[in-house]
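Below is one structure, written out as structure tokens, with a few remarks after it.
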Amino acid sequence: MECVFGMVGKGFALVVADTSAVNSILVHKSNEDKIMVLDSHKLMGASGEAGDRAQFTEYVQKNVSLYQFRNGIPLTTKAAANFMRGELATALRKNPYMVNIVLAGYDKETGPSIYFIDYIATLHKVDKAAFGYGSYFSLAMMDRHYHPDMTVEEAIKLAEQCIEEIRSRLVVAPQNFVIKIVDKDGAREHSWRRTTKD
Amino acid sequence: MSIFEYNGSALVAMVGKNCFAIASDRRLGVQLQTIATDFQRIFKMHDKLFLGLSGLGSDAQTLYQRLMSRHKLYQLREERVMKPETFASLVSAILYEKRFGPYFCQPVIAGLGDDDKPFICTMDSIGAKELAKDFVVAGTASESLYGACESMFKPDMEHEELFETISQALLSSVDRDCLSGWGGHVYIVTPSEVTERILKGRMD
């Protein structure tokens, strides 16, 4: 029942993910951070098989840093997205990573962007993306209320509406959510929406 | 659900008088859920050669990247662009390489060959070429597309009439298919210019 979603606003991109680590009926922890900060201006929200998620996100993060060390400049969001897609596509017919990714980034030249990357390596640049059972509710909410060039306050309000919808309508709804934002000042954690303390 | 129907797609190419048209739908879905309504399925290899890829989106992207790199290498070595017939053979060979673990794609190739003669062909996922003189179709809406094209097609249409015909055939077929639609993307290619148009159909 993992939920990840994201949207692009005016000069920023937002990614929201639940923070539960679940094994069958047991909730191991409710403060698991599933949105990895790839570099100064990139966020990668991942959902899927827990081991694959941790492994793949770390692998991508280290390779993105390596590129920056080797070449002196950071990857663009588009390049990072295509790198991820390439890795997922190569592994697909051998040992697939069961990870779905919402990649959010801010580039000086092109501004904020969000990429939808499926576990079977389908890549598409979008304005709003969501994965998991929560996507049925969050995508619907975003389709209704999203408009281009939203302010941070409007986007947070919409994210809260999506979280409320997931909490009230999903049968085993996650308890806590984390919201992270990336804009010209960098990628950082914005806030949490908790129902339980951990 | 078959893996070919995972993302949903519709592709059609038609031959006219010294021109051709290639059109696709714009939906990217994950089974019943629509993810995006601006997905690109038709790719320009060069000014007179277009490739449409239906089927699994991920394999379409992988295949496009492989073919683009092969074509660019060819262009560097031969100092000219590939003819459509040659390109079709290349695609067929690349698909058959993966005979026992195929790419889940059905390509549609359309181009202007020697003397600007229009060339269209399609193939199945393991590279069996199907050359046609009139039209070729691919994707989840292919059965509807066969019917629509067969009834609407006339030989030797000029490019404006060809545009109308291919657009009507595409839109009426995707309206009967829940996995494809959300508009259309049409390229009309004559020896002198390429026109790209977006169609607005039933957005559902």
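What you see is a predicted model, and the numbers here were worked out from it, not measured in a lab. A, B, ... follow the sequence lines: proteins, then strands. Residue 1 opens every chain. Any value given below was found using the heavy atoms of this structure, including those in side chains, with hydrogens, waters and symmetry copies removed.
Heavy-atom neighbours of B:F153 CZ from other residues, nucleotides or ligands within 6.0 Å: above the threshold of 12. By the neighbour-count criterion of 12 heavy atoms within 6.0 Å, atom CZ of B:R80 is densely surrounded, having more than that number from other residues, nucleotides or ligands. Sparse packing is recorded around CZ of B:R70, with 12 or fewer heavy atoms of other residues, nucleotides or ligands lying under 6.0 Å away. The number of heavy-atom neighbours closer than 6.0 Å to CD of B:E196, taken from other residues, nucleotides and ligands shown, is above 12. A:R188 CZ: more than 12 foreign heavy atoms inside a 6.0 Å radius. Around atom CD of B:E143, no more than 12 heavy atoms belonging to other residues, nucleotides or ligands sit under 6.0 Å away. Counting non-hydrogen atoms of neighbouring residues, nucleotides and ligands closer than 6.0 angstrom, the CD atom of B:Q33 exceeds 12 such neighbours.
Across A:L123 and B:Q61, no two heavy atoms sit closer than the pair O-NE2, 2.6 Å. Heavy atoms only, all atoms of each residue included: B:Y103 and A:R93 are closest at CA-NH2, 3.9 Å.
Residues B:V30 and A:F116 have side chains in contact (heavy-atom distance under 4.5 Å, counting atoms from C-beta outward).
We find the OG1-CG distance between A:T122 and B:L28 to be 6.5 Å, quoted to the nearest 0.5 Å. Atom CG of A:L139 is separated from atom OG1 of B:T34 by 9.5 Å, given to the nearest 0.5 angstrom. Atom CG of B:D38 and atom NZ of A:K125 lie 9.0 Å apart (nearest 0.5 Å). The distance from atom CG of A:D118 to atom OH of B:Y6, rounded to the nearest 0.5 Å, is 4.5 Å.
Residue A:A121 touches chain B through both its backbone and its side chain, counting heavy-atom pairs closer than 4.5 Å. Neither the backbone nor the side chain of A:F131 comes within contact range of chain B; no heavy atoms are under 4.5 Å apart. Looking at A:D143, neither its backbone nor its side chain comes within 4.5 Å of chain B, counting heavy atoms on both sides.
If you tally non-hydrogen atom pairs under 4.5 Å between each of B:G57, B:A36, B:S58, B:G101 and chain A, the highest count goes to B:S58.
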